[in-house]
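Keep in mind that the numbers below use all heavy atoms, side chains included, and drop hydrogens, waters and symmetry copies. Order of appearance sets the numbers: ligands from 1, and atoms from 1 within every ligand.
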Amino acid sequence: MREIIMAFQGEMALKGLNRGTFEAKMTKAVRARLEDLGEFKLRTAQSTLYIQPMDEDIDMDEAFRRVSKVFGIARLSRAAVCEKDFTAICQTAEDYLGQTLRGIKTFKVEAKRSDKTFPMKSPELCRELGAFLLSKHPHLRVDVHNPQLEVMVEIRDFGAYIHGPKVPGPGGLPVGTSGRALNLLSGGIDSPVAAWYMARRGLALHHIHFASPPYTSLRAKLKVVALAREISEYTGNCMLFVVPYTKPQEYIRDNAPDVLFTVLMRRSMLRIANLVAATTDMQALVTGESLAQVASQTLAALACTDAAQDLPVLRPCIGMDKTEIIAKSREIGTFETSIEPYEDCCTIFTPPHPKTRPTLAEIEAAEAAMPGLAELEREAAANVEKIPIRIGDDPEM
Ligand code: ATP
Ligand code: MG
């Protein structure tokens, strides 16, 4: 029996003339994720990507787990393939699902015949395959409304496919079909979630992290590397830029009113991110900010931050409650790493009562009194450390 994975396209199936580009990106992403598991043959037809293992001993559980993280896939299923012949279909259904059927009480068969040359129409195929399975498992009962297992048979161009229910995929659009952006990755809960949301809309991402040693530790940096690696299961390989941020941060601390410190620092971080983005042709910045979560995320503070530089700043978590962000972070698998207790440069030197409604005029006046800042920012951007993040690398480095 041959088992394959079928990945069904979502929104991208509606993409008209561009669809080929979307399919090529999705196929490329799947190929990259499966590369080290063995050889697979990939083929797209009828809005479905067929993923066929070419070796006997490929770990299909792991392959399925990986494919289920590829954006563009709305639903997916493992399936057994056979010839388009009724006897073969019955035998394959029994071989593939017989064990499951033994353990349940109710089932139904659904058939879909997109190859109209197949002699049996869908209702007949349902009925006859149902009768065959009942003859093998007399304890079963057909329940068309609420069956414990729905056996699907699809007669398609290249064969007959038998599978259980489809499970939801991550949806969205294949990574790389919407351009490239630089994600500001802290060690917190929000920014990995922000990265996931924007990658789901087809953005290819690199990450930038600001570290201020010795105020922030090596462990804090390694935690961010671990997060970037976890996100790469969705986005594919990427680069993590680590900015040595100590000097600009100390300079702001020593030369500006402390109530403005947070917004000044965030503007400075965005300017540096802009410089790094320019070197790698990134067209936007992404952050995990959520409206009013902290003092630097009030509307007035965000407006001052945005005015610091020209790239669009995408904030997919802006309208989310913390509980929703946490739920998503658990779902995508970054939560446990995010809650490891290491310091972030954003939380050092923060004043007890930062101003929640700074005006751009006072912020610009404070920056005018720091003539050395721009040079320190350029220096930090020039000395950025580049850490390649590859899916599947040993998390212990
Ligand atoms: P998170 O949970 O993602 O850390 P947060 O709620 O703690 O977010 P802030 O610390 O105010 O919020 O940071 C807001 C956003 O700024 C983060 O989501 C992230 O995008 C960015 N950011 C904060 N600190 C850093 C850092 N050290 N390096 C890179 N980006 C950062
Ligand atoms: Mg943070």
Side-chain angles (χ1 to χ4, degrees), residues 181-199 205-213 215-225 227-228 230-231 239-246 248-249 252 261-277 282 284-298 301-302 304-306 308-309 311 313-330 332 334-351 354 356 377 380-381 384-385 387:
L182 186 58
N183 177 52
L184 277 79
L185 187 62
S186 69
I189 295 170
D190 308 337
S191 44
V193 170
W196 187 90
Y197 273 113
M198 291 324 304
L205 295 178
H206 291 309
H207 304 285
I208 184 167
H209 175 70
F210 294 81
S212 290
Y215 307 104
T216 62
S217 63
L218 177 63
R219 288 303 311 174
K221 181 171 107 179
L222 293 180
K223 170 184 172 179
V224 174
V225 173
L227 282 172
E230 284 162 6
I231 302 165
M239 195 65 86
L240 169 64
F241 298 94
V242 179
V243 178
Y245 192 54
T246 316
Q249 199 170 11
I252 299 171
F261 173 79
T262 310
V263 172
L264 289 168
M265 179 186 69
R266 297 201 58 78
R267 281 168 60 90
S268 157
M269 287 166 73
L270 287 207
R271 280 190 296 263
I272 294 173
N274 183 307
L275 293 174
V276 173
M282 303 271 118
L285 303 179
V286 178
T287 79
E289 287 159 312
S290 161
L291 188 63
Q293 194 187 78
V294 289
S296 64
Q297 297 173 22
T298 62
L302 292 174
C304 289
T305 311
D306 271 353
Q309 56 87 56
L311 287 175
V313 181
L314 306 177
R315 300 180 167 101
C317 300
I318 196 74
M320 294 173 74
D321 280 358
K322 193 75 187 187
T323 49
E324 290 172 287
I325 300 175
I326 289 173
K328 181 52 85 176
S329 113
R330 286 187 194 278
I332 65 175
T334 51
F335 182 73
E336 295 302 328
T337 308
S338 286
I339 58 172
E340 285 174 13
Y342 299 110
E343 62 294 323
D344 182 65
C345 76
C346 268
T347 51
I348 58 175
F349 311 155
T350 35
T356 52
E377 288 173 359
V384 71
E385 179 191 2
I387 304 177

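- The line from OG1 of Thr287 to CG of Leu185 is 11.5 Å long, rounded to the nearest 0.5 Å.
- Distance check: Tyr197 OH to Ile332 CD1 gives 8.5 Å after rounding to the nearest 0.5 Å.
- In Leu185, the part holding a heavy atom less than 4.0 Å from any atom of ligand 1 is the backbone.
- Expressed to the nearest 0.5 Å, how far CE of Met282 lies from CG of Leu205 amounts to 8.0 Å.
- Inclusion of Leu184 in the set of residues having an N or O under 3.5 Å from an N or O of ligand 1 is warranted.
- Counting heavy atoms under 4.0 Å from ligand 1, residue Ile208 touches it through the backbone alone.
- Considering NE2 of His209 and NZ of Lys221, their distance stands at 9.0 Å, rounded to 0.5 Å.
- Heavy-atom proximity to Ile189, at under 4.0 Å, picks out these atoms of ligand 1: 1 (P), 2 (O).
- In this model, a donor atom of one side chain and an acceptor atom of the other lie less than 3.5 Å apart for Glu377 and Ser268.
- The distance from ligand 1 to the heavy atoms of Gln293 drops below 4.0 Å at these ligand atoms: 5 (P), 6 (O).
- Nearest residue to atom 9 (P) of ligand 1 from Glu289, Met265, Gln297, Glu343 is Gln297 (criterion: closest heavy atom).
- From Leu264, atom CG reaches atom CD of Gln249 across 12.0 Å, with rounding to the nearest 0.5 Å.
- For ligand 1, the atoms lying closer than 4.0 Å to a non-hydrogen atom of Gly288 are 17 (C), 18 (O), 20 (O).
- Every salt bridge (charged side-chain N to carboxylate O under 4.0 Å, His left out) that Lys328 has, sequence neighbours left out, goes to Glu331.
- Side chains of Gln297 and Ser290: no donor on one and acceptor on the other come within 3.5 Å.
- For ligand 1, the polar-atom distance check finds no N/O of Pro192 at less than 3.5 Å from any of the ligand's N/O atoms.
- The parts of Thr287 lying near ligand 1 are both backbone and side chain, judged by heavy-atom distances below 4.0 Å.
- The Ser191 neighbourhood of ligand 1 comprises atoms 3 (O), 18 (O), 19 (C), 20 (O), with distances under 4.0 Å to a heavy atom of that residue.
- Ligand 1 lies less than 4.0 angstrom from a heavy atom belonging to Arg266.
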